[in-house]
Amino acid sequence: RDLLGPRNTQSFTADHKPLMGEAPEVRGFFLGCGFNSAGMMLGGGCGRELAHWIIHGRPEKDMYGYDIRRFHHSLTDNNKWIRERSHESYAKNYSVVFPFDEPLASRNMRTDPFHKVLTEQGCVFQERHGWERPGWFNQDGAVLDYDWYGAYDISKNQNYKYNELLGKEYTFDYPPHHHVIKNECLTCRHGVSVFDMSYFGKFYLTGPDAKKAADWLFSADVNKIPGDAYYLAIGGGVAEHNWNHIKTVLQDEAFNCQLTDYSEDMGMISIQGPKSREVLQEILDTDLSNEAFAFSTHKVCNAAGHKVRAMRLSFVGELGWELHIPKDSCVPVYQAVMAAGAKHSIINAGYRAIDSLSIEKGYRHWHADLRPDDTPLEAGLAFTCKMKSTIPFLGRASLEKQKAEGLRRRIVCFTIDEKVPMFGLEAIFRNGVPVGHLRRSDYGFFIDKQIGYGYIRNPDGGVVNADFIKSGKFALERMGVVYEAKPHLKSPFDPSNNRVKGIYPDNYHNVYKANAQ
């Protein structure tokens, strides 16, 4: 006690949001704490959702931002990370939240095998779930390490390049290095870029019931995949959540199989662009032609003498492969890729470029385009569901019911002609009536337009179909200003999916080379 009475102890969490949901370590033990001095404001709604969570196993609304599973278990067990990040969240309690802000405290908690070599090449890292992942690449050289605000007996940097670059991002306009991200994007579209995506979760599902579990867990048909083991590469942002969800289902359904986490033991780079086949054919000991290595297939092969798993996949909408590499082989394989790509002007690119390229192609992001309260049908992902088969899977009955009744909301792509930045949450109007808001927005450098995706509803409560979208006049509101918007039923970029199949216009490379010169 002091002269003013009992000391007031507050429960500030590492990201200034409550901790809710079932504890990953103990089934049936639920959390509803860490309300950061906002318990009276949040208590009613959170209490209702927590009750639904306990009774039904999941909340009724999207509570992912409060779900304890948003944190990787290595962080929730790390007192150093909890202390330092919680201090920072308290200090920034009333700070303006800018779109591209990053924490400065408790960094470098999880680094992948490429971290050092990318740092030397000017990588400006983002922090996601403890991982340092590439955001974009500074053209003026290496960015100095973090100084934790000079706290915890750490000396403050005299020349704090990272903080300086981050400070320039404190804007609701396009950032000063918008042109750098543009170059990363267009190099991928016209040439070849390499992305370090090692922060992905990398799990193996094995055992006698692995196929039975995969049939039930995954909406896609996995019967065409031979064998009884599955390799799961899962976006890093949702890896912990997926891990716990899969483990829970395995336990509830009594499947005799195991889920093993190899996330820290492997790296992953994605080589994307029209020139990717020419680069990789030099270092992989397997035929990369369309006939020998079709899209959405994988092979275990050698890359510059190191065994890797090559997957022909893309999250940017181009011809490309992912290389999943044992940790000790990561740097030699990366160096071989960069050496082979030098004559094709290969560059590093980061997740800021991925954000732009993926929205341009129409690929969905977790917890932006996709949330726990969205369905695959509403999200335009019906093709990922084995509805034409008779195989049961988790959620099938709900999808069949929704399909029969018609969609009351669905995701739509919008573009505007004005070059003004949008970031998500902008209102969507149809014929002057609000019908939803953008979930995500970014600039598409290839089509040279601002792009946004959002779910819309029919104000009358009716079905939202193609005619409803085509017959409306849409607009987006940003900071009180309304902009006319064009809706798209398909991605405005490569709607025929030719590029991921390796089909480019004749003389495409020569035209780009001439324009670049």
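Bear in mind the structure is a predicted one, so any value in this text is a computation, not a measurement.
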| said: Ser263 vs Phe200, test: side-chain contact (heavy atoms from CB on, under 4.5 Å). Steps then yes/no. | reply: CA-CA 7 Å; Ser263 302; Phe200 263 48; over 6 Å; no
| request: Find out whether Asn458 and Val463 are in side-chain contact, i.e. whether some heavy atom of one side chain is under 4.5 Å from a heavy atom of the other. | output: no
| request: Establish, from distance only, whether the side-chain atoms of Tyr334 and Asn348 form a donor-acceptor pair under 3.5 Å. | output: yes
Just distance, no hydrogens or angles: give the donor-acceptor pairs under 3.5 Å from side chains in residues 264-271, sequence neighbours left out.
from   : atom 1 : to     : atom 2 : distance (Å)
Glu264 : OE2    : Arg110 : NE     : 3.1
Glu264 : OE2    : Arg110 : NH2    : 2.8
Ser270 : OG     : Gln272 : NE2    : 2.8

| request: Would you please test Tyr66 and Trp53 for ring pair (Phe, Tyr, Trp, His ring centres under 6.0 Å) and show each step? | output: CA-CA 12 Å; Tyr66 292 178; Trp53 212 328; 9.5 Å; no
| said: Within the 4.5 Å heavy-atom criterion, are Val308 and Asn302 side-chain neighbours or not? | reply: no
| query | Does the side chain of Cys46 reach to within under 4.5 Å of the side chain of Met63, using non-hydrogen atoms? | reply | yes
| request: Answer yes when Arg364 and Asp369 have at least one side-chain N-carboxylate O distance shorter than 4.0 Å, and no when they do not. | output: no
| message | Counting only heavy atoms from other residues, nucleotides and ligands, does the tally under 6.0 Å from NZ of Lys80 exceed 12? | response | yes
| said: Salt bridge check, Asp15 against Lys17: does any charged N sit closer than 4.0 Å to a carboxylate O? | reply: no
| said: For Asp215, give me all partners under salt bridge (Lys or Arg N to Asp or Glu O under 4.0 Å), at least two apart in sequence or on another chain. | reply: Lys211
| query | If we ignore angles and hydrogens, is there a donor and acceptor under 3.5 Å between the side chains of Tyr199 and Gln126? | reply | no
| query | Does the side chain of Leu370 come within less than 4.5 Å of His365's, by heavy atoms? | reply | no
| request: Show your reasoning for whether side-chain contact (heavy atoms from CB on, under 4.5 Å) applies to His16 and Asn93. | output: CA-CA 8 Å; His16 208 270; Asn93 189 14; 2.6 Å; yes
| task | Identify the heavy atoms of Ile456 and Val464 that sit nearest to each other, and give their distance. | result | O-CG2, 3.9 Å
| Who passes salt bridge (Lys or Arg N to Asp or Glu O under 4.0 Å) against Glu132, sequence neighbours left out? | Arg107
| Glu360 side chain to Ser491 side chain, donor-acceptor N/O pair below 3.5 angstrom | no
| request: Could you tell me whether Arg409 sits above the aromatic face of Tyr455, with NZ or CZ closer than 6.0 angstrom to the six-membered ring centre and within 45 degrees of the axis? | output: yes
| salt bridge (Lys or Arg N to Asp or Glu O under 4.0 Å) against Arg439, all qualifying residues, sequence neighbours excluded | Asp374
| field | Test: Arg70 cationic atom under 6.0 Å from Tyr64 six-membered ring centre, within 45° of axis | value | no
| task | Classify the ring geometry between Tyr204 and Tyr262 as parallel (under 30°), tilted (30 to 60°) or perpendicular (over 60°). | result | perpendicular
| How many angstroms lie between atom CG of Asp77 and atom OG of Ser74, to the nearest 0.5 angstrom? | 8.0 Å
| message | Check whether Arg352 reaches the backbone of Pro134 with its side chain - one donor and one acceptor, N or O, closer than 3.5 Å. | response | no
| Taking C-beta and beyond as the side chain, do Leu319 and Tyr504 meet within less than 4.5 Å on heavy atoms? | yes
| query | Quick one: are Trp136 and Phe100 in side-chain contact, heavy atoms under 4.5 Å? | reply | no
| query | Do you see a donor-acceptor pair shorter than 3.5 Å between the side chains of His306 and Ser329? | reply | yes
| note | Distance col, row Leu50:CG vs Cys33:SG, nearest 0.5 angstrom, shows 10.0 Å
| How long is the gap from CZ on Arg309 to CD on Glu322, to the nearest 0.5 Å? | 11.5 Å
| field | Close side-chain approach of Glu378 and Ile411, heavy atoms under 4.5 Å | value | no
| What pair of heavy atoms forms the shortest contact from Thr384 to Ser219, and how long is it? | O-OG, 2.9 Å
| Can you name the residues that form a side-chain hydrogen bond (donor to acceptor under 3.5 Å, both in side chains) with His488, not counting sequence neighbours? | Thr415
| message | Check this for me, if you would: do Arg85 and Glu88 make a salt bridge, where the nitrogen-to-carboxylate-oxygen distance has to be below 4.0 angstrom? | response | yes
| task | Please identify each residue that fulfils side-chain hydrogen bond (donor to acceptor under 3.5 Å, both in side chains) with Asp252, with sequence neighbours left out. | result | Arg27
| message | Could you tell me if Arg133 sits above the aromatic ring of Tyr351, with its cationic atom closer than 6.0 Å to the ring centre and no more than 45 degrees from the axis? | response | yes
| query | Could you go step by step and tell me if His245 and Leu217 meet the side-chain contact (heavy atoms from CB on, under 4.5 Å) rule? | reply | CA-CA 9 Å; His245 170 67; Leu217 279 162; 4.3 Å; yes
| request: Check Ala239 against Ile234 and note the closest heavy-atom contact, atom names and distance. | output: CA-CG2, 4.0 Å
| field | Residue pair Tyr230 / Phe203, side-chain heavy-atom distance below 4.5 Å | value | no
| Would you say the side-chain atoms of Asn223 and Asp221 include a donor-acceptor pair closer than 3.5 Å? | yes
| message | Within 45 degrees of the ring normal and closer than 6.0 Å to the centroid, is that where the cationic atom of Lys202 sits relative to Tyr231? | response | no
| At their closest point, which heavy atom of Pro113 faces which heavy atom of Val331, and how far apart are they? | O-CG2, 3.5 Å
| query | Are there more than 12 heavy atoms of other residues, nucleotides or ligands under 6.0 Å from atom NZ of Lys299? | reply | yes
| Just checking, is any N or O donor in the side chain of Arg277 or Asn290 under 3.5 Å from an acceptor N or O on the other one? | yes
| note | Value for CD (Glu426) from CZ (Phe414), rounded to nearest 0.5 Å, stands at 12.0 Å
| message | Please tell me whether Asn498 and Ser496 have a donor and an acceptor in their side chains that are separated by less than 3.5 angstrom. | response | no
| query | Within 45° of the six-membered ring axis of Phe12 and under 6.0 Å from that ring's centre, is NZ or CZ of Arg83 located there? | reply | no
| query | Looking at Phe255 and Val249, what are the two nearest heavy atoms and their distance? | reply | CD1-O, 4.3 Å
| message | Between Asn497 and Lys361, is there a side-chain donor-acceptor contact under 3.5 Å, judged purely by atom types and distance? | response | yes
| field | Spacing of NZ belonging to Lys275 relative to CD belonging to Glu278, to within rounding of 0.5 Å | value | 4.0 Å
| said: Would you say that more than 12 heavy atoms from the other residues, nucleotides or ligands in this model lie under 6.0 Å from the CZ of Arg58, or not? | reply: no
| message | Using 0.5 Å steps for rounding, measure from the CG atom of Leu118 to the SG atom of Cys123. | response | 5.5 Å
| Do you know the tightest heavy-atom contact between Trp243 and Thr260? | CZ3-C, 3.8 Å
| query | Does Asp228 reach the main-chain N or O of Asp209 with its side chain, forming a donor-acceptor pair under 3.5 Å? | reply | no
| field | Main-chain N/O of Asp355 paired to Ser358 side chain as donor or acceptor, under 3.5 Å | value | yes
| said: Here's one to test your reading of the geometry: is the NZ or CZ of Arg189 within 45 degrees of the ring axis of Phe493 and under 6.0 Å from its centre? | reply: yes
| message | Applying side-chain contact (heavy atoms from CB on, under 4.5 Å) to Phe125 and Thr119, what does each step give before you reach the verdict? | response | CA-CA 8 Å; Phe125 289 93; Thr119 299; 3.2 Å; yes
| task | Look at the side chain of Glu49 and the backbone N and O of Met20, then say whether any donor-acceptor pair between them is shorter than 3.5 Å. | result | no
